[in-house]
2 protein chains.
Amino acid sequence: MTFPVVGMVGGGQLARMTHESGIPLGIRFKLLSDTPQDSAAQVVSDVVIGDYRDLDTLRAFARGCDVITFDHEHVPTEHLRALEADGIPVRPGPDALVHAQDKGVMRARLDAIGVPCPRHRIVADPQDVAAFAAEGDGFPVVLKTVRGGYDGKGVWVVGSAEEAAEPFRAGVPVLAEEKVDYVRELAANVVRSPHGQAVAYPVVESRQVDGVCDTVIAPAPDLDEDLALHAEEMALRIAGELGVVGHLAVELFQTRDGRVLVNELAMRPHNSGHWSMDGAVTSQFANHVRAVLDLPLGDPRPRAPWTVMVNVLGGDFPDMYSAYLHCMARDPQLKIHMYGKDVKPGRKVGHVNTYGDDLDDVLERARHAAGYLRGTITE
Amino acid sequence: MTFPVVGMVGGGQLARMTHESGIPLGIRFKLLSDTPQDSAAQVVSDVVIGDYRDLDTLRAFARGCDVITFDHEHVPTEHLRALEADGIPVRPGPDALVHAQDKGVMRARLDAIGVPCPRHRIVADPQDVAAFAAEGDGFPVVLKTVRGGYDGKGVWVVGSAEEAAEPFRAGVPVLAEEKVDYVRELAANVVRSPHGQAVAYPVVESRQVDGVCDTVIAPAPDLDEDLALHAEEMALRIAGELGVVGHLAVELFQTRDGRVLVNELAMRPHNSGHWSMDGAVTSQFANHVRAVLDLPLGDPRPRAPWTVMVNVLGGDFPDMYSAYLHCMARDPQLKIHMYGKDVKPGRKVGHVNTYGDDLDDVLERARHAAGYLRGTITE
């Protein structure tokens with residue numbers, strides 16, 4: 001058989017779940033991981049331990065891979081170009097991926113193709129932040145380093161020019177954005193193949209706590225059908241215009257006046273798509289693998305009226321395994337996904353999925369299980 | 001975290017799919033495999049290469065495992081007893097597993113607990129086979145070596161005493177059974193934990209071609225509800241009486257006069273349960289893992305009105321990967337499960353699952369995909 005080898009850079013939980021979803025396809029999976037203890041390295045057979053920031057390491061890893069894809073967006077663009085020059089397909093490619101790596105590039109490109117974003121511009125210093133505020137509705141203003149942020153890191157909400165010093169200390173360009181008056185956050189997840197085939201998952205509602213995704217509801221409840229369709233089309237258009245290959249998550253603000261604005265882009269399987277593992281015909285991970293191999297994509301439609309995902313964050317007590325007894329006995333339909341990571345307070349160590357006909361019930365079950373695993377619910 | 005280590009003896013596809021199903025639980029999976037090329041060894045991180053028939057190898061493997069379970073039923077009973085004496089939980093244990101290893105022991109025990117089987121007895125030689133035939137409705141008679149058979153191997157259907165020489169050549173006891181006049185084969189799959197909790201999957205119809213499982217339909221179409229309940233209860237009773245831990249497949253004949261008779265027992269995830277990977281709330285593999293860890297079991301109910309599994313056998317052309325293009329494009333809901341095995345004619349190298357509301361459609365889609373992958377359908 002001539003089954004291909006998929007090279008995955010990064011050993012986090014996204015790589016772990018991509019491996020899990022790739023096993024049924026019979027493909028070979030090769031992992032570049034920082035340490036043997038990383039989430040994916042625990043469950044993959046063919047693991048290379050090394051630093052993705054080192055080009056020689058990447059090149060040696062890529063030899064024998066039919067395609068390279070990613071657990072994260074931190075591989076330097078010039079390294080990706082070097083791999084492409086070596087003849088290794090890199091999916092998503094550097095020209096697409098830069099839009100998920102650099103928020104300044106992303107905003108400029110979305111402006112150019114007419115995709116609605118929060119009001120924004122690159123700012124030079126705290127005085128310039130004050131000028132940006134004055135150009136619109138004033139403070140508060142959101143400041144973001146254009147590179148390196150995730151899960152609320154690298155993001156500041158400032159109420160005055162005096163509060164705006166911190167973001168400039170890193171020495172990277174800073175993007176200022178209006179603080180959008182949104183009613184909720186949504187996410188539009190799509191997958192696109194090199195062939196140009198694309199599929200759209202139903203638009204979901206994503207609820208954050210302290211800047212970290214907490215709960216995802218699929219599909220987003222009470223979402224106007226036209227707005228849902230508009231958001232899906234927008235995500236498909238971004239994927240096409242930017243030449244994305246693989247999974248693209250478009251994080252959106254739903255504004256009080258009924259529009260959607262793009263918050264962030266992620267070009268890899270995404271937390272807002274984890275519900276699809278148990279809730280869709282084809283999971284985001286399975287479709288990401290199919291896309292990077294340029295195979296026909298699988299059906300993204302939901303299998304149940306409602307699916308809810310709640311992240312399991314590390315709490316005060318480190319033994320989550322003993323909590324399985326209660327959680328599994330209470331809810332035989334519960335789907336637990338743990339990442340093999342050590343428990344640290346606030347760290348994403350897993351998620352749970354539930355599905356069913358009654359949203360209140362589905363939400364309660366997922367929240368209970370996640371809370372019990374974390375240790376914030378004890379009965 | 002104190003997540004346990006599950007030791008799996010045997011590197012076949014059942015181990016591969018058990019690993020896949022265990023990843024979400026965050027448990028550690030350790031594999032004893034004959035070669036690094038074995039189906040499961042390709043996808044598991046922690047692999048020991050060794051011979052399960054060697055006690056020292058088994059003992060060294062078992063050190064550091066919290067529980068031992070199996071991909072197959074070939075580990076010698078005395079080795080399992082030695083592991084238990086070392087303090088390693090073996091699930092299923094040797095006293096249960098012997099009923100899946102030795103058809104003579106199995107028949108005697110099922111007789112003792114009043115479970116209906118085909119008429120049978122151990123026979124000494126071809127003359128004794130003739131006597132066995134004369135005690136009932138005459139030839140044909142089914143002869144089975146009590147140990148070592150699978151997928152039609154170790155089974156003979158003989159029309160006369162003259163044809164009955166072959167089975168006796170191996171020098172192991174031979175079991176004679178009446179050739180049952182059955183309308184179809186069924187399978188009742190159940191999973192039982194050490195705790196004594198048990199779940200029953202819906203009874204399925206299993207269609208064989210040349211003694212090898214070809215198609216499984218879940219649930220079995222047009223099966224009388226009382227007979228289905230009776231079969232599930234029988235399987236649950238066998239699991240309880242024999243002290244099975246983990247998955248038990250009870251292969252059944254449905255007779256022309258409306259009874260079910262036990263054909264074979266398997267104490268591990270089983271081909272007749274592969275449909276559950278995409279068709280049930282909890283797959284047989286996930287429930288097997290939960291059972292051997294004595295965790296509460298998951299819901300075994302179907303997620304769709306009909307699920308069909310068709311095995312993919314090796315055909316004349318070795319490149320099944322290129323067939324993915326056609327199969328995936330034709331049916332975006334198709335679920336392919338390939339085992340990473342080299343294609344040899346007639347060898348089980350994978351299976352496909354389909355599900356939906358219309359049985360004819362679901363059957364056609366699964367058959368088409370399996371035939372196309374094998375190369376017997378080319379359009």
Side-chain angles (χ1 to χ4, degrees), chain A residues 1-4 16-17 19-29 36 41-47 197 199 277-278 281-282 290 293-301 303-304 318-322 324-343 349-350, chain B residues 1-4 16-17 19-29 36 41-47 197 199 277-278 281-282 290 293-301 303-304 318-322 324-343 349-350:
Chain A
M1 289 202 264
T2 56
F3 280 68
R16 181 184 175 104
M17 294 186 276
H19 169 60
E20 180 193 335
S21 297
I23 291 175
L25 290 183
I27 56 161
R28 303 289 178 127
F29 197 79
Q42 296 171 21
V43 298
V44 171
S45 169
D46 191 358
V47 182
Q197 190 196 10
V199 295
M277 298 179 84
D278 301 297
V281 175
T282 313
R290 286 160 80 144
L293 290 169
D294 207 5
L295 290 168
L297 301 177
D299 189 336
R301 285 177 295 180
R303 288 193 72 174
D319 173 23
M320 290 202 180
Y321 183 71
S322 63
Y324 279 17
L325 283 175
H326 171 85
C327 292
M328 290 178 171
R330 184 179 192 267
D331 184 359
Q333 297 185 31
L334 177 70
K335 296 297 180 181
I336 296 177
H337 298 269
M338 296 299 283
Y339 308 151
K341 293 161 86 168
D342 287 336
V343 170
V349 295
Chain B
M1 289 201 265
T2 56
F3 280 68
R16 180 184 177 104
M17 292 185 277
H19 169 60
E20 179 193 336
S21 297
I23 291 174
L25 290 183
I27 56 161
R28 303 290 177 127
F29 197 79
Q42 294 171 20
V43 296
V44 172
S45 167
D46 191 358
V47 182
Q197 191 197 11
V199 295
M277 299 179 83
D278 302 298
V281 175
T282 314
R290 286 160 79 144
L293 290 169
D294 207 6
L295 290 168
L297 301 177
D299 190 334
R301 283 176 296 180
R303 289 193 72 173
D319 173 23
M320 289 200 180
Y321 183 72
S322 64
Y324 279 16
L325 284 175
H326 171 85
C327 292
M328 290 177 171
R330 184 180 193 266
D331 182 0
Q333 298 187 29
L334 178 70
K335 296 296 180 181
I336 296 177
H337 298 269
M338 296 298 282
Y339 308 151
K341 294 160 86 169
D342 286 335
V343 170
V349 295

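Here is the naming used below: chain letters follow the sequence lines, and residue numbers restart at 1 for every chain.
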Practice item. Check whether any side-chain heavy atom of B:P24 lies under 4.5 Å from a side-chain heavy atom of A:E20, and answer yes or no. Key: yes
**Study point:** Flag side-chain contact, heavy atom, 4.5 Å: B:T282 against A:K335
**Key:** yes
Check your understanding: Between B:Y321 and A:I27, what is the shortest heavy-atom contact and its length?
Key -> CE1-CG2, 4.4 Å
Exercise for review: Compare every heavy atom of B:S45 with every heavy atom of A:A41, then report the nearest pair and how far apart it is.
Suggested key: O-OG, 3.5 Å
Check your understanding: Going by the angle between their ring planes, with limits at 30° and 60°, are A:Y324 and B:F3 parallel, tilted or perpendicular?
Key -> perpendicular
Revision key, fill the gap. Heaviest contributor of heavy-atom pairs below 4.5 Å to chain A, chosen from B:Q333, B:M277, B:R330, is B:Q333
Measure [X] against the heavy atoms of chain B and call it side chain, backbone, both or neither at under 4.5 Å.
X	value
A:D294	backbone
A:L297	backbone
A:V47	neither
A:R290	side chain
A:H326	neither

Practice item. Answer yes or no: does atom CZ of A:R303 have more than 12 heavy-atom neighbours from other residues, nucleotides or ligands under 6.0 Å? Key: yes
Revision key, fill the gap. Max heavy-atom pairs within cutoff under 4.5 Å with chain B, candidates A:I336, A:L293, A:V281, goes to A:V281
What distance do [X] atom [atom1] and [Y] atom [atom2] have between them, rounded to the nearest 0.5 Å?
X	Y	atom1	atom2	answer
B:H19	A:H19	NE2	NE2	4.0 Å
A:Q42	B:I23	CD	CD1	10.5 Å
B:L334	A:D299	CG	CG	11.5 Å

**Study point:** Worked check of side-chain contact (heavy atoms from CB on, under 4.5 Å) between B:L25 and A:M328
**Key:** CA-CA 11 Å; B:L25 290 183; A:M328 290 178 171; 3.5 Å; yes
